[in-house]
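In the text below, chain A, chain B and the rest are named by the order of the sequence lines, each starting its count at 1. No hydrogens, no waters, no symmetry mates; every other heavy atom, side chains included, goes into these values.
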Amino acid sequence: MPDYESIERKWQVRWSDRKLNESERDERPKFMIIFAYPGVTGYLHVGHMRGYTYADAIGRYKRMTGYNVLFPVGTHATGNGAISLAARIAAGDKDIMDYMVRNGCPPEKLEGELRDPLNVVWFFNGVYQEEYWKRFGFLADWRRFTCTLYPDYSKFMQWQFRKLNEAGLLIQKPYFAPACLSCGPVAVDPSETDLSKGGNAETQEFTLLKFRSGDEILVAATLRPETVYGQVCFWVNPEVEYLKVRNGGETWIVSPQAYEKLSHQKDGLESIGAVKGSDLLGRTCIAPMIHREIPVLPAAFCDPDVGTGMVTSVPSDAPDDWMSLTKLKEDHSYMERYGIAKETIDAVVPISIISMKGYGDFPAQDIVERMGIEEADDPRLEEAKKQVYKDGYHLGVMKDICGEFAGMRVEEAKERMKQAMIDSGEADVFFDLSEEVVCRCGCKVVIKRIDDQWFIDYGNEDLTQRTSDHCRTMTINPVEYYNNVHAVLKWFRERACVRLGNWLGTKFPFDERWIIEAISDSTLYPVYYLISMYANDGRIEPEQMTEAFFDYAILGKGDAEKVSGECGIDTSLLNEIRAEVLYWYPLDMNLGGKEHMTVHFPAFLKNHVAILPPEMWPKGITVNWYITGKKSKISKSKGGAQPIPGAAKKFGADGMRLYYAHIASPFADVEWDEDNVMSYSQRIDRIASFIGDLSSYRGSATEMDAWLVSRMNTHVSTIRSAMERYDLRQMATVAYFEIFNDLKWYQRRGGENPETISECLRTWITAMMPVTPHMAEEMWEAAGFDGLVSEAQLPEAGERSVPAEYGEDLIREVMSDAQQIIKVTGIEPKRMVLYTAPSWKIGILGKALELQEKGELSIPSLTKACMSDPDIKVHGKAASDMARKTAEDMMRLPAGSMRPMFESDERAHLAAAAGFLSKEMGLEAEVYSSDEEGRYDPGDKARMAVPGRPAIYLE
RNA sequence: GCGGGGGUAGCCAAGCCUGGCCAAAGGCGCAGGACUUAGGAUCCUGUCCUCAGCGGUUCGAGGGUUCAAAUCCCUUCCCCCGCACCA
């Protein structure tokens with residue numbers, strides 16, 4: 001295995017010595033690119049390098065096409081990831097210890113510094129920069145590195161929130177959020193940063209329905225308030241001890257668990273007694289909305305942990321209710337135990353309330369029968385319920401029985417009916433999680449009301465409109481996102497932007513109890529890369545970074561002298577920072593994974609539009625999809641991940657870079673496959689060794705030189721137009737496959753002119769530099785060029801020579817045709833005779849081209865033109881057939897594409913290549929024109945020759 | 001559901017916006033050959049069917065538009081992703 005690492009280090013040091021990564025303002029056009037900085041959540045895996053690599057490769061391409069490039073990097077450490085990681089390290093968690101060590105963490109750090117959350121962040125800041133980004137040869141401006149937990153970054157963040165407030169975009173209102181009672185707010189998401197259980201839970205909004213029964217109110221929770229017209233009875237669990245709860249002037253009856261949950265969402269609840277479920281039986285209650293008296297009946301399936309522990313029964317549309325009711329009617333023994341008369345239960349009959357396509361009067365009955373469910377405890381009832389809910393929601397229409405809501409679609413009726421009942425005091429709302437969620441600390445997670453939650457008002461219409469308009473002017477890849485981003489912007493509404501609890505981040509400037517949350521502090525930060533350098537090297541201190549300072553530096557507001565006096569930063573330095581901002585901003589490209597499409601990118605865009613002037617709004621976004629693993633093999637949370645440094649050692653950083661750039665479109669997920677990576681790695685080696693061979697050629701010029709030069713010009717212009725669209729993949733196809741193949745062909749055809757080769761290598765190696773910079777440097781050196789290819793410029797594309805390219809295409813086609821004949825016939829020919837088209841056929845082609853130019857080409861017009869030419873006419877039917885076929889072909893193909901066939905001297909070209917063909921195919925090749933008298937033509941093949949397709953005879 | 005993406009030859013994957021040298025790039029795999037067996041080698045050739053190359057049938061399925069469709073339109077079947085406080 002080659003020692004990639006030391007080769008890579010060698011060149012990285014050279015780049016660094018030349019300060020290639022340090023971007024300074026100058027006269028060139030600028031290009032600023034970033035990737036969305038990663039969250040500090042532990043070690044990254046090989047998949048993460050995909051997007052980062054795109055950023056470096058695009059930056060390098062821009063460098064070699066005349067741009068002054070700035071590529072800054074940073075990390076996002078806001079949140080509780082580092083806190084929980086440090087806590088697990090401190091607790092000596094076996095899995096975490098193994099994971100850290102396996103990824104290369106020195107064990108002694110686990111015993112000491114990494115027990116502290118901030119040290120965890122600093123540690124990974126080092127890992128990301130040294131082991132990932134530098135290791136991959138990124139030309140990032142390390143001087144500007146920043147992290148959301150740096151004190152200077154916090155100053156910037158507080159300034160940003162002041163600006164948001166000035167723009168009227170900070171609002172306060174109540175909010176229902178998942179929270180752990182001891183740790184505070186937690187994030188419920190599948191990555192389970194905060195959780196030990198329940199990451200897939202959703203927050204559901206229940207409607208609490210109030211059933212008056214005497215002086216008390218039985219409360220049921222439902223997700224389907226639109227079904228109230230179908231209520232026929234009320235279930236309570238006779239074995240549960242319910243609580244009587246005072247809520248204002250009302251007395252509610254709910255399960256103790258529901259009381260606990262409600263108490264986090266409502267003020268002034270008071271438990272004033274208990275009542276056994278069985279004691280509620282025999283009562284009746286008044287159903288909300290329909291004001292009908294329904295019986296309270298016993299049901300063992302009422303779970304006190306779900307909703308309020310009591311259920312209103314709508315058998316028509318709820319499969320559970322349908323089955324339970326059916327069973328209870330069949331077997332009266334359960335009811336009898338509680339003294340419920342058979343007539344009471346028999347009187348409970350479903351009411352049809354919703355009509356929906358594909359279902360009869362009672363959807364619940366239909367689905368239960370369709371699925372063959374026969375028992376009340378069948379687990380498939382859950383699925384049945386989901387199906388009916390889903391279909392009901394989208395297909396259902398309220399029936400006539402539903403009063404003023406009759407005829408309304410369920411989708412609409414649901415909201416309206418809920419609101420009507422809330423307005424009349426018959427309902428309330430309640431939030432709950434769809435499954436049990438447990439915090440890392442072991443406590444249960446509940447939904448808690450927060451009264452004074454701050455939001456950023458991303459729903460602001462003017463802001464949304466201006467952002468949307470701006471997006472049309474941006475370069476957004478892929479085009480699907482360019483089209484869709486407007487819908488996303490519209491959908492993106494108020495966002496809770498601060499939180500309480502165990503959380504690392506910047507204090508909210510208007511109320512320091514709150515910490516700015518993780519999405520909200522990572523939106524405007526690209527502009528901060530233009531300032532971070534001065535804080536990093538101590539030229540400015542965090543205390544000096546006042547509102548006036550940022551106002552001046554970023555917005556150009558105020559007077560330098562005055563601002564200087566206010567914040568204590570030299571006027572000249574202030575002006576330098578201002579000049580940095582003016583020179584580098586706006587950001588040209590923000591590159592991020594597809595997870596950013598619905599949250600980060602809209603927030604990034606809207607913050608820029610809200611705070612900065614239009615000339616500083618971003619110009620580009622590129623979204624990249626993932627590298628995925630078989631059975632989550634590369635996922636960092638599951639263990640078994642391929643550590644990045646190990647992979648780099650095995651395949652070489654450049655092998656991986658080429659793999660990322662070329663394996664698939666950036667806009668598709670790819671499964672990590674070591675064999676693929678290896679094959680890219682080997683391709684680079686192959687190219688390197690081939691370039692070594694080429695460099696030693698000392699021959700003289702041949703007709704192949706013009707061909708090669710033309711091909712290279714074609715390639716350079718393809719590369720340039722591909723990169724206009726940031727299409728790294730097409731660029732890589734050309735640079736690593738097509739150019740390689742062409743040089744192989746050149747070599748095979750006897751090309752050996754050192755001047756041409758050298759000129760060509762200069763272009764080729766430069767073209768490979770963006771994707772595989774280290775190996776490009778090796779090749780550059782091996783080819784004898786001076787300096788660093790990382791500093792070289794890509795030559796402009798020169799002229800193409802269509803005839804030169806056509807001639808070689810012809811030869812390859814002849815070879816391929818001959819091979820096919822050999823394969824099909826199974827003969828081993830000793831002699832190959834080629835016959836080019838006779839002049840009269842070329843004449844027909846010429847006439848066709850003429851007609852086409854005049855726009856008069858058709859089969860009859862060409863035939864007529866041919867028949868008026870005596871030289872052609874003598875060939876009779878063969879001539880009219882040829883004319884017809886030529887006209888057909890030409891009308892089918894793009895105009896002018898057959899011109900080279902007419903203009904090229906096929907006979908001369910093939911004759912010149914006869915020696916080559918003989919050698920390659922191991923036979924004697926000879927070439928005739930079909931016009932030639934006395935040609936050797938025992939198979940009478942010459943008559944088949946047409947322009948572009950010589951006839952072949954093998955013997 | 002809402003929003004979005006996708007179905008291409010044994011597999012992976014381009015092409016689709018801007019219809020036409022598209023039987024459809026490239027890679028992998030497979031087969032044959034060369035050269036060699038210090039190697040995860042390299043180099044040629046082939047890899048839908050048919051066949052002395054020029055023909056035929058293909059790009060989830062079915063219709064349509066067009067001189068011409070993998071590409072545009074309609075219908076239909078099947079897969080995947082996001083839906084929020086998680087960057």
Length of the CD-P vector between Glu813(A) and U45(B), whole Å: 14 Å
N or O in side chain of Arg495(A) less than 4.0 angstrom from A84(B) OP1/OP2: no
Watson-Crick or G-U counterpart of G82(B), or none if no pair lies under 3.5 Å: C2(B)
Side chain of Asn484(A) (C-beta onward), nearest among G3(B), A13(B), C44(B): G3(B)
Sugar-phosphate only, base, or nothing, as touched by Glu595(A) at under 4.0 Å among non-hydrogen atoms: base
Distance-only donor-acceptor check, side chains Thr148(A) and Asp521(A), under 3.5 Å: no
Phosphate contact (G27(B) OP1 or OP2) by Arg683(A) side-chain N/O below 4.0 Å: yes
Length of the line joining Arg725(A):CZ and C16(B):C1', which is rounded to integer Å: 13 Å
Integer angstrom distance from the P of G27(B) to that of U45(B): 12 Å
Sugar-phosphate only, base, or nothing, as touched by Asp675(A) at under 4.0 Å among non-hydrogen atoms: base
Side chain of Gln819(A) - closest among A87(B), A14(B), U45(B): U45(B)
Student check: side-chain heavy atoms of Trp514(A) and Trp454(A) closer than 4.5 Å: yes
A52(B) versus A61(B) - spacing of their P atoms, nearest Å: 31 Å
Sugar-phosphate, base or nothing in reach of Val479(A), heavy atoms under 4.0 Å: nothing
Side-chain H-bond candidate by donor/acceptor type, Tyr726(A) with Thr475(A), under 3.5 Å: no
Sugar-phosphate only, base, or nothing, as touched by Arg748(A) at under 4.0 Å among non-hydrogen atoms: sugar-phosphate
Residues forming a salt bridge (charged side-chain N to carboxylate O under 4.0 Å, His left out) with Lys941(A), sequence neighbours excluded: none
Asp817(A) bridged to Arg949(A) by N-O distance under 4.0 Å: yes
Asp673(A) CG - C12(B) P separation (whole Å): 12 Å
Salt bridge (charged side-chain N to carboxylate O under 4.0 Å, His left out) partners for Glu805(A), two or more places apart: Arg711(A), Arg800(A)
Lys594(A) side chain, from C-beta outward: closest of G26(B), A84(B), C81(B): C81(B)
Sugar-phosphate only, base, or nothing, as touched by Thr598(A) at under 4.0 Å among non-hydrogen atoms: sugar-phosphate
Nearest-neighbour nucleotide for the Met678(A) side chain, G40(B), C83(B), A25(B) considered: G40(B)
Touch class at under 4.0 angstrom, heavy-atom based, for Ala487(A) against every strand present: nothing
Distance, P atom - from C78(B) to U66(B), rounded to whole angstrom: 32 Å
Sugar-phosphate, base or nothing in reach of Ser665(A), heavy atoms under 4.0 Å: sugar-phosphate
Under 4.0 angstrom between Arg729(A) side-chain N/O and A13(B) OP1 or OP2: no
Sugar-phosphate only, base, or nothing, as touched by His76(A) at under 4.0 Å among non-hydrogen atoms: sugar-phosphate
Sugar-phosphate only, base, or nothing, as touched by Ala951(A) at under 4.0 Å among non-hydrogen atoms: base
Sugar-phosphate only, base, or nothing, as touched by Pro950(A) at under 4.0 Å among non-hydrogen atoms: base
Sugar-phosphate, base or nothing in reach of Tyr953(A), heavy atoms under 4.0 Å: base
Aromatic plane relationship, Phe601(A) with His596(A) - under 30° parallel, 30 to 60° tilted, over 60° perpendicular: perpendicular
Complement of C16(B), any strand, by Watson-Crick or G-U distances under 3.5 angstrom: none
Interatomic distance, Asp669(A) CG vs A13(B) C1' [rounded to whole Å]: 14 Å
Could you list all N or O pairs between the protein and nucleotides 30-37 of chain B that sit under 3.5 Å apart?
none

Touch class at under 4.0 angstrom, heavy-atom based, for Leu954(A) against every strand present: base
